[in-house]
Amino acid sequence: MTRSVEEMDESLLASAFYDGDARLAVLKFYDQKAGRFWHWKDNTGHRPYCYTRLERSELGAIADRKDVVEIVEEEKDDLLNDGRVKLRKIITTDPLAIGGGNDSIRDKIRAWEADIKYYENYAYDRGLRMGTYYRVSSGVVIPVKHDVPAKVAMSLAEILKRNQPEFAPYLKEWAELLGEPLCDFRRVALDIEVANEAGRLPDPEDPKRPVIAVSFFSDTEKLVYVLREGKDTKGVETMDYPVKVFEDEPTLLRAVMAKIMDYPVVVTFNGDDFDLRYLKHRAEAVGIVESENPIQLERVASTLKHGVHIDLYQFFRNRSIQVYAFSNRYTDHTLNGISEALLNRSKIEFEGEIGDLPLPELANYCLNDSQLTYELTTMGGSVVMKLLLVISRIGKMPINDVSRLGVSNWIRSMLFYEHRRLGALIPRQDELGEKGGASSQAIIKGKKYKGGLVIEPKPGIYFDVSVLDFASLYPSLIKVYNLSYETVNCPHEECKDNVVPDTTSWVCRRRKGITSLVTGSLRDLRVSHYKPLTKDLTLSKEDRELYNVVSQGLKVFLNATYGAMGFETFAFYCLPVAEATAALGRYAITKTIGRCGELGIEVLYGDTDSLFLKSPSADQIATVSRWADGELGVELDLDKVYRYVAFSSRKKNYFGVLPDGTVDIRGLTGKKSQTPDFLKKIFYQALETLSKVQTVDDFEKARTNIKGLLAGMIGDLKGRKVPVEELAFNVMMGKTTEKYNGTTPQHVRAAKLLEDRGKEIKAGEIIAYVKTKNPPFVKPVELAKVEDVDAEKYIEYAHSMFDQMLDALDFSFDELMGATTLDFFWSG
DNA sequence: AACTCTGGCCCGACGG
DNA sequence: CCGTCGGGCCAG
């Protein structure tokens, strides 16, 4: 099978890879059946997994193979060495041949085929031409749809004008891609129930027990399939949704497979590890043949042959999603935990074993789970699906991968795509390693380089405090100071005096770095364009929603780009770049503090990219801001003005009250998720009092109020009036119990007690425990009674918690309670 | 195999 | 009794 090179070029998707003097590209995706190459894959652009290494000596043998269509020489930019290199591109009809065909590559290719089927189904369902959706997902240039009000958001033209010409193509392409409307996905949520084997969880690798219920929930249908197993069917017909009772399991499973096939997207919670895996293996066990089964198992993921499976557990577990997209609104990574936090809804609770539930209750329980799963994807205008799509566009990665992989993989994918577009070589790890390590000493033991600067706060209460903030500081520095793996410590002699302060690294003057261009253009679009658009009330709700999701997506990429540079397994890991970024950050904030001094502005506190200034005039703020823009090249904006701020002597610990009475709390124990609800409640009541303070004189009243509050608290604790649930500390298991060696923290001790009673404790679970008077001094909340509680320990904890707050107000817990009062309580 | 970084606070375990 | 360290959570 021979094809012309022109035809090949159009369908090339893989990329360059080189190893010593044998440099070559491998490519893929000639579809034997269809007799053509897949076009859309060029557009999504990248498939890092296809790389393979071949020595020059092997080329002869390759040329003779029948799957090899042609070997061509091609020139690529070698960014690291600032030159062009020749490499060989092998065009083959069999991608497995060159990759050596190991299992993961085979799996991957199967998965890609599933992707293609999905996109085809999707387009077919909506009556789209094939190309329509490809364009959307691919990053191909599409005109921006919306007129932008110039007053609110900077127009693309304006942004272009303010940037050097190198940024123009990037800005245009991003704007066009990100302005494209977001489509919705037809999808169904699925959940299965399997009877427990005597206290043990069902094992998806060895599915001994039958699947007793499967529920489906979508915008058009909700239904449950249940297995009769000799149970009474009473009540099943009268339920307000269809419940289908099956007499035998194979028929049930076949019906499930058929239903899965009806949808291009299936959503589960933990379907990768459990639901789909169990279904697949159970179907095999009862003799359903492979061709009837749409489920495809991979090493970590479970996928669908015809479509896309999204496992929300994997998605919500992603820390970038948790922190930047959902502002840490959930911490527990269970369906119940996330649903309670985001939907304000819970799983159904029941007593005993799931297998013993009567059919109607079993159906309700099962359907509720898929309903929660479905609603997690529809809440807030389907923000989850939209985020997946936006990240997919920015990262040039299919949504099923986006939902499972971490942010460093998204960035890798995005940067690979940019390299291919430029026709540039992607550097190898060892080449990047030659850039050198860090030259600064980290403050924290065990860290690789020195990070952000935290200013010692001036303890006390200050009225009228302005907070200035560098807008997207690290991405700005990466842009302005041209930071990239190939520009930091570049090979040119004349650049070596362009040193980054506080490091031994220098930066290239000859040309713009690729990560600087990409990150820089994304930053400008977010700060000047998309962020303002989310607040523009003249736009329709849909448009604002689009811009909001785009803005969130950009934020994730921007925030993580710097961090990824210092992450060992990141494809573009380059310590000098991460270090230079942080060093320039310290330089910027230090210089700005110096400038404030010259202008007679008192700096009360600052952390990495923010400065707290004591009653500066509007003029002074404008002066500093203008100076930063001109001198440092970074935007310094007024973020907010506090009515008053209270600092203790602790860094990263303060609270402030805004003019409207809102209280901002940073770092204080009282707001931490592990703090018992009872103490949190008291803490917030105290803050409520403080939020009403308008002037210095008001503090006296606040003090009396808080005193009463704390006396009540101690009384309640001593008098055992607080239910154990409200006294529970909630701490996450970082790993499973047996992996804690050498030390056993309290939450692990509590977790072990639960394990003794046959409960399985997984990493990521939140353990709720109370502190008790007798060994082992902790009890899981389920097992604890009010009498067990060690009230003194709680008072001690409250003591330190409130001192964080009261320190700043210049009174202490002891003082407030009065030594005698406290003595009374101690002995009482 | 793991899935962005460093700085900082607090508690409790552990070892001398 | 005290210093150090592991662990967790948070700020940015």
Side-chain angles (χ1 to χ4, degrees), chain A residues 104 299-300 314 317-324 327-328 331 401-402 404-413 438 440-457 467 469-470 472-474 556-573 575 577-579 581-583 585-586 589 605-611 639 648-654 664-675 729-735 739-749 764 766-767 771 776-778 793 796-797 799-801 803-804:
Chain A
S104 77
R299 193 173 53 84
V300 285
Q314 306 286 352
R317 215 165 50 135
N318 187 316
R319 277 204 55 85
S320 297
I321 296 295
Q322 185 184 341
V323 175
Y324 293 117
S327 328
N328 253 326
T331 43
D401 281 349
V402 168
R404 286 174 179 80
L405 297 171
V407 66
S408 67
N409 282 297
W410 304 343
I411 296 169
R412 173 177 78 166
S413 172
S440 60
Q441 191 67 49
I443 306 255
I444 300 177
K445 216 175 91 189
K447 301 291 186 191
K448 292 171 292 226
Y449 61 94
K450 198 189 262 192
L453 184 68
V454 189
I455 315 291
E456 197 81 47
V467 183
D469 232 316
F470 291 108
S472 295
L473 178 64
Y474 286 173
V556 174
F557 275 82
L558 289 172
N559 279 316
T561 300
Y562 146 75
M565 297 295 179
F567 174 50
E568 288 93 334
T569 53
F570 178 53
F572 296 90
Y573 172 58
L575 214 40
V577 175
E579 184 189 37
T581 311
R586 295 193 300 276
I589 196 169
Y605 176 63
D607 186 347
T608 311
D609 60 357
S610 64
L611 287 173
D639 182 31
S648 67
S649 56
R650 300 167 191 83
K651 294 170 173 179
K652 297 182 190 280
N653 271 269
Y654 64 88
D664 271 352
I665 314 151
R666 290 294 127 89
L668 305 186
T669 303
K671 80 175 281 198
K672 294 201 177 184
S673 61
Q674 60 186 30
T675 303
F729 286 85
N730 303 290
V731 180
M732 194 176 67
M733 296 289 294
K735 43 197 175 187
K739 288 198 179 126
Y740 288 87
N741 288 324
T743 180
T744 314
Q746 295 199 323
H747 66 294
V748 178
R749 195 165 294 171
I766 307 274
I767 305 295
K771 295 178 191 271
F777 302 111
V778 291
K793 270 268 183 287
E796 249 177 67
Y797 195 86
H799 189 310
S800 104
M801 182 175 116
D803 268 356
Q804 286 180 6

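Worth saying up front: this structure is predicted, and the values here are computed from it rather than measured. Residue numbering restarts at 1 for every chain, and letters A, B, ... go by the order of the sequence lines.
Applying the salt bridge (Lys or Arg N to Asp or Glu O under 4.0 Å) rule to A:R586 yields the partners A:D502; only residues at least two apart in sequence or on another chain are considered.
Across B:dC3 and C:dG8, the matching P atoms stand 14 Å from one another, rounded to whole Å. With both ends at atom P, the span from B:dA2 to C:dG7 equals 16 Å, rounded to whole Å.
We find that CE of A:M732 is positioned 12 Å from C1' of C:dC10, with the value rounded to whole Å. For the pair A:R666 CZ and C:dC10 P, the interatomic distance rounds to 12 Å; values are reported in whole Å. Distance, A:D664 CG to C:dC10 P: 16 Å, rounded to whole Å. Atom P of nucleotide C:dG12 and atom CG of A:L668 are separated by 11 Å, given to the nearest angstrom.
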Exercise for the section: Would you mind building the protein contact string for nucleotides 1-8 of chain B? One character per nucleotide, 5' to 3', B for base within reach (heavy atoms under 4.0 Å), S for sugar-phosphate only, - for untouched. Expected result: --BBBBBB
Exercise for the section: Would you give a per-nucleotide map of nucleotides 11-16 of chain B, 5' to 3', where B means the base has a protein non-hydrogen atom under 4.0 Å away, S means only the sugar-phosphate does, and - means neither? Expected result: SSSS--
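A residue-by-residue look at A:S673 and A:K735 shows that A:K735 has its nearest nucleotide of DNA chain C further toward the 5' end.
Residue A:Y654 is classed as a sugar-phosphate contact, given heavy-atom separations below 4.0 Å to backbone atoms only. Within the 4.0 angstrom heavy-atom criterion, no nucleotide atom of any strand lies near A:L558.
Side-chain N/O atoms of A:Y740 include one lying less than 4.0 angstrom from OP1 or OP2 on C:dG8.
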